[in-house]
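To keep things clear, I will list the structure first and then write my remarks on it.
Source: prediction; values computed, not measured.
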Amino acid sequence: MTVSADHTVTSDRSPRPPTDTVQLKHPGRMIAAVFALFLAALQIRSFLTNEHYQWSVVGDYLFNAEIMKGLGRTLILTAVAMSVGIVFGIVLAACRLSHNKVLSLSAGAYLWFFRGTPLLIQLVFWYNLSALYPHLGIGIPFGGPELWGGDTNKILNLWLVALLGLSLNESAYMAEIVRGGLLAVPKQQTEAAHALGMSNWLTFRRIILPQALRVIVPPTGNQVIGMLKHSSLVSVIALPELLYSAQLIYSQNFQTIPLLIVVALWYLVCTTVLSAIQSRVERYYGRGVQPTQAKKSRKSRPPVKTDGAARVEGTEG
């Protein structure tokens, strides 16, 4: 660095040219990817060459009338049970968050029981409820007249047993999902809304619910997909949904594997459609918080030309 007579400081160093970023090599990733592709190729080859899969039989029964009826029953069970579970879950979540200890403890006991016992046991229990209560009725308690009643086995048919088991079990999980979503909204949001003069209902509808849905929607979508698969458990009570319809067919023609492949394919189709819907709903409710990548509209600036010296103008002493 030199100083001229006019107090100009001149740097002898020229700016270094920009260097390209060198990416680290990851040979382990390449080996893992090649190994995964190798296993996938082996599995595809097995699917295509193994005659025991009997793909022709799969094609014959893929759109079988009984299979399609069973698929329709599965979708009905999923839709109705999930709807009832969501509504009842919201009520349970409100009870859990209530300052009334009786309501809070009652909802907690409900969640403790239905989340602590397997769904299969609950379905079998509802199916055999007549062993405990042969007669069900509604009337005035303590010896009053009965307003409505009948034999338990006639009232609790297969559809009602399946819907009771699936709905009551699902409501316990939905209650915790809704409660977690409501608790995720800061209390300051409610205080600010009340300071603006909003009522409790308006605050919940305009402030609390839109923010809570961002937390509630993703696990709810997972629960819908889980309900679709859990509906296969009603086959133990002989309700002819998708799986039990296939069981009825392969119990006669002994084509067990092809019929199970048919069932698996239809479950995969339904879960794929539900996953796509879930993804779109999540993007809708998360559009205000999800980071978006800005489009690169501006061109890169050209490099600044220098004469190889940096000058700093000084002041006279």
Side-chain angles (χ1 to χ4, degrees), residues 75-116 119 163-231 270-297:
L75 296 177
I76 292 174
L77 282 173
T78 302
V80 176
M82 199 67 209
S83 300
V84 176
I86 290 175
V87 173
F88 196 26
I90 294 174
V91 175
L92 288 172
C95 293
R96 284 280 287 161
L97 296 174
S98 174
H99 296 290
N100 190 316
K101 294 297 182 180
V102 176
L103 293 178
S104 180
L105 292 177
S106 299
Y110 180 95
L111 301 182
W112 167 77
F113 177 80
F114 281 96
R115 295 177 66 200
L119 176 58
L163 291 175
L164 272 176
L166 295 175
S167 302
L168 296 182
N169 181 267
E170 183 61 32
S171 63
Y173 291 93
M174 283 304 306
E176 290 298 276
I177 292 174
V178 173
R179 186 174 70 92
L182 295 177
L183 291 178
V185 181
K187 294 182 178 180
Q188 291 80 359
Q189 300 283 345
T190 303
E191 296 173 356
H194 289 167
L196 293 174
M198 291 187 177
S199 62
N200 290 332
W201 169 245
L202 187 61
T203 300
F204 177 78
R205 185 167 60 91
R206 292 287 184 87
I207 307 299
I208 304 302
L209 186 60
Q211 298 182 68
L213 283 176
R214 288 198 292 262
V215 181
I216 295 173
V217 166
T220 302
N222 294 334
Q223 290 298 115
V224 174
I225 296 175
M227 174 62 69
L228 176 71
K229 295 181 290 185
H230 291 159
S231 63
C270 294
T271 53
T272 301
V273 173
L274 291 176
S275 297
I277 296 174
Q278 176 188 359
S279 179
R280 293 180 64 88
V281 174
E282 287 182 12
R283 286 199 301 268
Y284 174 79
Y285 283 106
R287 64 190 184 277
V289 295
Q290 291 178 348
T292 57
Q293 296 181 351
K295 296 182 180 179
K296 297 181 180 180
S297 57

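- Separating the OG atom in Ser231 from the CG atom in Leu119 is a distance of 10.0 Å, to the nearest 0.5 Å.
- With sequence neighbours excluded, the residues forming a ring pair (Phe, Tyr, Trp, His ring centres under 6.0 Å) with Tyr110 are Phe88, Phe114, listed by chain and number.
- Rounding to the nearest 0.5 Å gives a distance of 10.5 Å between CE of Met82 and CD1 of Ile225.
- Going from atom CZ of Arg206 over to atom OG1 of Thr203 covers 10.5 Å, rounded to the nearest 0.5 Å.
- Closest of all the heavy-atom pairs between Pro219 and Ile177 is CG-CG2, 3.6 Å.
- Every residue two or more places apart in sequence or in another chain was checked for a salt bridge (charged side-chain N to carboxylate O under 4.0 Å, His left out) with Arg205, and none qualifies.
- Separation of atoms CE (Met227) and CG (Leu166) is listed at 5.0 Å; rounding is to 0.5 Å.
- When side chains are defined from C-beta on, Thr190 does not count as touching Ile207, because their heavy atoms never get closer than 4.5 Å.
- Between the CD atom of Gln189 and the CD1 atom of Ile208 there is a distance of 6.5 Å, given to the nearest 0.5 Å.
- Counting only residues at least two apart or in different chains, side-chain hydrogen bond (donor to acceptor under 3.5 Å, both in side chains) contacts with residues 76-101 are absent.
- Nearest heavy-atom pair, Ala107 versus Leu92, reported as atom, atom and distance to 0.1 Å: CB-O, 3.9 Å.
- In plain terms, the two heavy atoms of Val215 and Ala184 that are nearest each other are CG2-CB, 3.9 Å.
- Asn222 has its side chain within reach of Gln278: a pair of non-hydrogen atoms, C-beta onward, lies under 4.5 Å apart.
- With a 4.5 Å cut-off on side-chain heavy atoms, Phe204 and Asn200 do not count as touching.
- Applying the side chain to side chain contact (heavy atoms under 4.5 Å, CB included) test to Val87 and every residue at least two apart in sequence or in another chain returns nothing.
- Panel note: side chain Ser279, backbone Ser275; no donor-acceptor pair is recorded below 3.5 Å.
- With sequence neighbours excluded, the residues satisfying side chain to side chain contact (heavy atoms under 4.5 Å, CB included) with Val84 are Val80, Ser167.
- Between Leu183 and Leu97 there is a side-chain heavy-atom pair separated by less than 4.5 Å.
- Remark: Gln223 engages Glu170 in a side-chain hydrogen bond (donor to acceptor under 3.5 Å, both in side chains) (not counting sequence neighbours).
- The heavy-atom pair separating Ala212 from Gly181 by the smallest distance is CB-O, 3.4 Å.
- Annotation for Ala81 and Leu163: closest pair N-CD2, 4.2 Å, computed over non-hydrogen atoms.
- To the nearest 0.5 Å, atoms CD1 (Ile86) and OG (Ser171) are separated by 11.0 Å.
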